[in-house]
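Working notes, beginning with the structure itself.
Bear in mind that the values here come from a model prediction, so they are computed numbers and not experimental data. We name chains A, B, ... by the order of the sequence lines, and we start the count at 1 in each one.
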Amino acid sequence: MNDNKPESEVKTPANFIHSIIEEDLRNGKNESRVHTRFPPEPNGYLHIGHAKSICLNFGTAAKYNGKCNLRFDDTNPVKEDVEYVDSIRDDVHWLGFDWGGREFFASDYFDQIYQFAEDLIKKGKAYVCDLTADQIAEQKGTPTRPGIESPYRNRTVEENLDLFRRMKAGEFPEGSKVLRAKIDMASPNMHMRDPIMYRIIFGHHHRTGDKWCIYPMYDFAHGQCDSIEKITHSLCTLEFEVHRPLYDWFVKELEIFAPQQIEFARLNMTYTVMSKRKLLELVKNNFVNGWDDPRMPTISGLRRRGYTPESIRNFSEIIGVAKRDNVIDVSLLEFCIREDLNKRASRVMGVLNPVKLIITNFPEGVVEEMPAINNPEKPEAGNRNVPFTRELYIEREDFMEEPAPKFFRLAPGKEVRLKYSYIIKCEDFVKDPVTGEITEIHCTYDPETLSGRSQSNRKVKGTLHWVSASNALEAEIRLYDRLFMSEDPEDVEEGIDYKTNLNPDSLKILKGFVEPSLSNAQPLDKYQFERIGYFCTDYDTKEGKLVFNRTVSLKDSWTKAKN
RNA sequence: UGACCUAUGGUGUAAUUGGCAACACGUCUGACUCUGGAUCAGAAGAGUCCAGGUUCGAACCCUGGUAGGUCAACCA
């Protein structure tokens, strides 16, 4: 019973990261500051897994009155692109987070990082190595076998400094030399075996252009950037756990501000893939229609699908943060969007798979305006009128010539309520003699069953949605389903490609009809098509052409009972 | 045959630091309903990876196993 408690007093779910932070706060560490960062590499679009990280980083900062920076980790010019920078900014912003002008790029710090490298050389902790990539890999050893030391390991400080400066000056070809940290080739941690700090790349950088021909590796950039920005808690995913000793080593040797790296388990979800590499592959090979295809787990895809920022933030909250590997059931994501859209989406009527229904005792040419409630969950959303006429379309599925048990809908001789309208009775139907398809359903209506009239409270088992055949708008309906058929698409036998698990029916395009109130629907407007599901207007909608994407279906106990 | 990490209902996350395993999703009932939606009421489902130990008492501590994950890119 905390109905009267202000939001801030409501207990928020604890996680191990917040426990660590609260401990730090108690100890007055970092002057009790909390400063996080979200550090994407601009080499792809953000996905729902990033959303988890974004919500964690920005959410944590907000919770402890701290700050969160947006920092692009752009240390590899051959993979990165401004297109991605722009999409990342849009997505983080759309999710509802603001970095208050603290938008940084690792490349902003290249001068400083270069200086750090020289500092390490001068301390005798780094050296220029002339080994080839293959040789370095070879001499690195394996997790169970120690590596061997590079023959260049003991060059003098002067020689190293000279060589490194000449690397910077572009005197050596790509791949001919690297700068390595001098740590321990026998370390059980592979990352401590004289890791590469700088490599030569003559690519064009999206921000620094051709200024540099040497670029720092992740390990010699990330922690340094964190330190420069005085990040207190550097949150990252589990695979960086083994990098932490190196992260700490650089910070210690450089004698610079020491952020604390904390690792958490990345998000996995059923029926989808989450690696940028695979998502890029799906886009590049046209298995989907771009990064923002509504079937993609990208933030832009979810947006186009009709997801709201609130639902994604809530999802991130609900799934929690821990260190064990996890696979979240997509049904939880679907629950989050249904819950949100149930409260906010306007109800409308749309018929996806139409069959004509004629009310034989209703006058021709008459249009009756039926008042309809826009959102029963939100009375202030008001009402609208829906035109009712003699000829309607109803859902083909809502009629059965020979009704199955517990089928509460229309069948010969049966009565049903037309939502916001009359109770009708099925008198007859017309069937195509060749195809066997039902082409027309003939009904009679009872005028006294309209709201407010004498028989309006009569109970019938089923209520159907409908549109007026003469007034409805044609619309393209895109029904999206899960992208993959198997729960774990990547779980394939040796030699089998995960793409064989792609769901061939993940997109079905229909021509349907919607009520005329939708004539002015704008892209991303969200609706509930009564009894069917939540839909949102697609970007492809333009004057005279309506396109709706199905976000998620309504829970459907009839379909479930049928099977 | 190394290092590091992890192990709690079908799924995910808790358990105020040693005190009767809780919440959410999902599943199943029933009520209500002009959405087979929503809402409401209820149920089933784990004895916490295994084996020992400490303790009046262990999901939490100790010992030893087992299983899974990560690490050998001039990627991040």
Open item on the list: Any salt bridge linking Arg550(A) with Asp481(A)? Criterion: basic side-chain nitrogen under 4.0 Å from a carboxylate oxygen.
Closed with: no
Open item on the list: Roughly how many Å apart are U1(B) and C20(B), using the P atom of each and rounding to a whole number?
Closed with: 46 Å
- [ ] Take Ile196(A) and Gly462(A), find for each the nucleotide of RNA chain B with the closest heavy atom, and name the residue whose nucleotide sits nearer the 5' end.
- [x] Gly462(A)
- [ ] State, with a plain yes or no, whether a side-chain heavy atom of Thr551(A) is found less than 4.5 Å away from one of Ile337(A).
- [x] yes
Open item on the list: Does A76(B) have OP1 or OP2 under 4.0 Å away from a side-chain N or O of Thr75(A)?
Closed with: yes
TODO: Return the value, rounded to whole Å, for the distance between atom CZ of Phe315(A) and atom C1' of G26(B).
DONE: 14 Å
Task: Complement of U27(B), any strand, by Watson-Crick or G-U distances under 3.5 angstrom - done: A43(B)
Open item on the list: Could you check whether the side chain of Gln528(A) and the base of U35(B) have a donor-acceptor pair of N or O atoms closer than 3.5 Å, going by distance alone?
Closed with: yes
- [ ] Just call it for Phe72(A): base, sugar-phosphate, or nothing, with non-hydrogen atoms closer than 4.0 Å on any strand.
- [x] nothing
- [ ] Name the nucleic acid region contacted by Ser451(A), choosing base, sugar-phosphate or nothing; use a 4.0 angstrom heavy-atom cut-off, strictly under.
- [x] base
Open item on the list: What's Val460(A) touching, base or sugar-phosphate or nothing? Going by heavy atoms closer than 4.0 Å.
Closed with: nothing
Task: Chi-angle category of G37(B) [syn within 90° of 0, anti beyond] - done: anti
Task: Residue matched to A58(B) through Watson-Crick or wobble contacts both under 3.5 angstrom - done: none
Task: Residue matched to A22(B) through Watson-Crick or wobble contacts both under 3.5 angstrom - done: U13(B)
Open item on the list: Measure CZ/Arg458(A) against P/U33(B) and give the value in whole Å, please.
Closed with: 16 Å
TODO: With sequence neighbours left out, write down each residue that passes side-chain contact (heavy atoms from CB on, under 4.5 Å) with Ser517(A), or none if nothing qualifies.
DONE: Val348(A), Arg384(A), Glu515(A)
Task: C1'-based separation of U8(B) from G42(B) [nearest Å] - done: 25 Å
- [ ] Could you check whether Tyr218(A) and the base of A76(B) form a stacked pair, meaning centres closer than 5.5 Å and planes differing by less than 30°?
- [x] no
Open item on the list: Using a 4.0 Å heavy-atom cut-off, does Phe240(A) contact any base of the nucleic acid, only the sugar-phosphate backbone, or nothing at all?
Closed with: base
Open item on the list: At 4.0 Å (heavy atoms only), tell me whether Glu41(A) reaches a base, stays on the sugar-phosphate, or touches nothing.
Closed with: sugar-phosphate
Task: Euclidean distance, atom CD of residue Glu263(A) to atom C1' of G69(B) [Å, nearest integer] - done: 14 Å
Open item on the list: I need the CG-C1' distance between Leu332(A) and C23(B), as an integer number of Å.
Closed with: 13 Å
Task: Minimal non-hydrogen separation, Pro77(A) against Ile201(A), with atom names - done: CG-CG2, 4.0 Å
Open item on the list: Any side-chain N or O of Thr144(A) below 4.0 angstrom from OP1/OP2 of A72(B)?
Closed with: no
Open item on the list: What contact category does Arg244(A) fall into here, base, sugar-phosphate, or nothing, at under 4.0 angstrom with non-hydrogen atoms?
Closed with: nothing
- [ ] Inspect the contact between Arg26(A) and Glu23(A) and indicate whether a charged nitrogen and a carboxylate oxygen are less than 4.0 angstrom apart.
- [x] yes
Task: Syn/anti label of U16(B) as read from its glycosidic torsion, with the cut at 90° from 0 - done: anti
Open item on the list: Please name the nucleotide paired to C71(B) by Watson-Crick or G-U wobble geometry with both distances under 3.5 Å, or report none.
Closed with: G2(B)
Task: Distance, C1' atom - from C61(B) to U17(B), rounded to whole angstrom - done: 11 Å
- [ ] Measure distances between side-chain N and O atoms of His191(A) and base N and O atoms of A3(B), and say whether any donor-acceptor pair falls under 3.5 Å.
- [x] no
Task: P gap between C60(B) and U54(B), integer Å - done: 15 Å
Open item on the list: Taking the minimum atom-to-atom distance to the side chain of Glu241(A), which one of G12(B), A14(B), C4(B) wins?
Closed with: C4(B)
Open item on the list: At less than 3.5 Å, do the side-chain atoms of Arg409(A) and the base atoms of G36(B) form a donor-acceptor pair?
Closed with: yes
Open item on the list: Please find the pair of heavy atoms, one from Asn314(A) and one from Glu339(A), that lie closest to each other, and give the distance.
Closed with: OD1-OE1, 3.5 Å
Open item on the list: Is there a side-chain contact between Lys555(A) and the phosphate of A38(B), meaning an N or O under 4.0 Å from OP1 or OP2?
Closed with: yes
Open item on the list: Need the pair for U63(B). Rule: Watson-Crick or G-U wobble, both distances under 3.5 Å, any strand; none if unpaired.
Closed with: A51(B)
- [ ] With C1' as the reference atom in both, quote the distance from G12(B) to U48(B) in angstrom, rounded to an integer.
- [x] 15 Å
Open item on the list: If you compare every side-chain N and O of Arg199(A) against the phosphate oxygens of C75(B) (OP1, OP2), does one of them come in below 4.0 Å?
Closed with: yes
TODO: Answer with base, sugar-phosphate or nothing: what part of the nucleic acid does Val321(A) contact at a heavy-atom distance below 4.0 Å?
DONE: sugar-phosphate
Task: Donor-acceptor pair (no angle test) under 3.5 Å: Arg324(A) side chain, U8(B) base - done: yes
Open item on the list: Going by purine N1 to pyrimidine N3 plus the second Watson-Crick contact, or the G-U wobble pair, all under 3.5 Å, which nucleotide sits opposite A38(B)?
Closed with: none
Task: P-based separation of A41(B) from A7(B) [nearest Å] - done: 34 Å
TODO: Please work out if Thr270(A) contacts a base, only the sugar-phosphate, or nothing of the nucleic acid, heavy-atom cut-off 4.0 Å.
DONE: nothing
Task: Atom C1', compared across G9(B) and G47(B): separation rounded to whole Å - done: 10 Å
- [ ] Give Tyr420(A) one of three labels, base, sugar-phosphate or nothing, depending on what nucleic acid heavy atoms sit under 4.0 Å from its own.
- [x] base
- [ ] Specify the closest pair of heavy atoms between Gly306(A) and Leu341(A), including all atoms of both residues, with the distance to one decimal.
- [x] O-CD2, 4.1 Å
- [ ] State whether Arg244(A) and Asp219(A) are salt-bridged, where the test is any N-O pair (Lys NZ or Arg NE/NH1/NH2 against Asp/Glu carboxylate O) under 4.0 Å.
- [x] no
Task: Between C49(B) and A67(B) - C1' atom distance, rounded Å - done: 7 Å
- [ ] Name the nucleic acid region contacted by Ile328(A), choosing base, sugar-phosphate or nothing; use a 4.0 angstrom heavy-atom cut-off, strictly under.
- [x] sugar-phosphate
Open item on the list: Looking at Lys560(A), I'd like to know whether one of its side-chain N or O atoms comes within less than 4.0 Å of OP1 or OP2 on G36(B).
Closed with: no
Task: Over all atoms of both residues, closest heavy-atom pair of Val128(A) and Phe164(A) - done: CG2-N, 3.8 Å
Task: Glu174(A) CD to C75(B) C1', straight-line distance once rounded to whole Å - done: 14 Å
Open item on the list: Just to be sure I understand the rule, does Asn76(A) reach a base, reach only the sugar-phosphate, or reach nothing, if contact means heavy atoms closer than 4.0 Å?
Closed with: sugar-phosphate
- [ ] Starting from P on C75(B), measure out to NZ on Lys140(A) and report it in whole angstrom.
- [x] 12 Å
- [ ] Just call it for Glu530(A): base, sugar-phosphate, or nothing, with non-hydrogen atoms closer than 4.0 Å on any strand.
- [x] base
Task: Nucleotide opposite U33(B) in a Watson-Crick or G-U pair, distances under 3.5 Å - done: none
Task: No-H, no-angle donor-acceptor pair, Glu334(A) side chain to G26(B) base, under 3.5 Å - done: no
TODO: Classify the nucleic acid contact of Pro376(A) as base, sugar-phosphate or nothing, counting any heavy atom under 4.0 Å across all strands shown.
DONE: base
Task: Given Phe548(A), Tyr534(A), Phe513(A), the one that forms ring-ring contact (aromatic ring centres under 6.0 Å, His included) with Phe529(A) - done: Phe548(A)
TODO: For Lys459(A), report the nucleic acid contact type (base, sugar-phosphate, nothing); a contact means any heavy atom under 4.0 Å.
DONE: sugar-phosphate
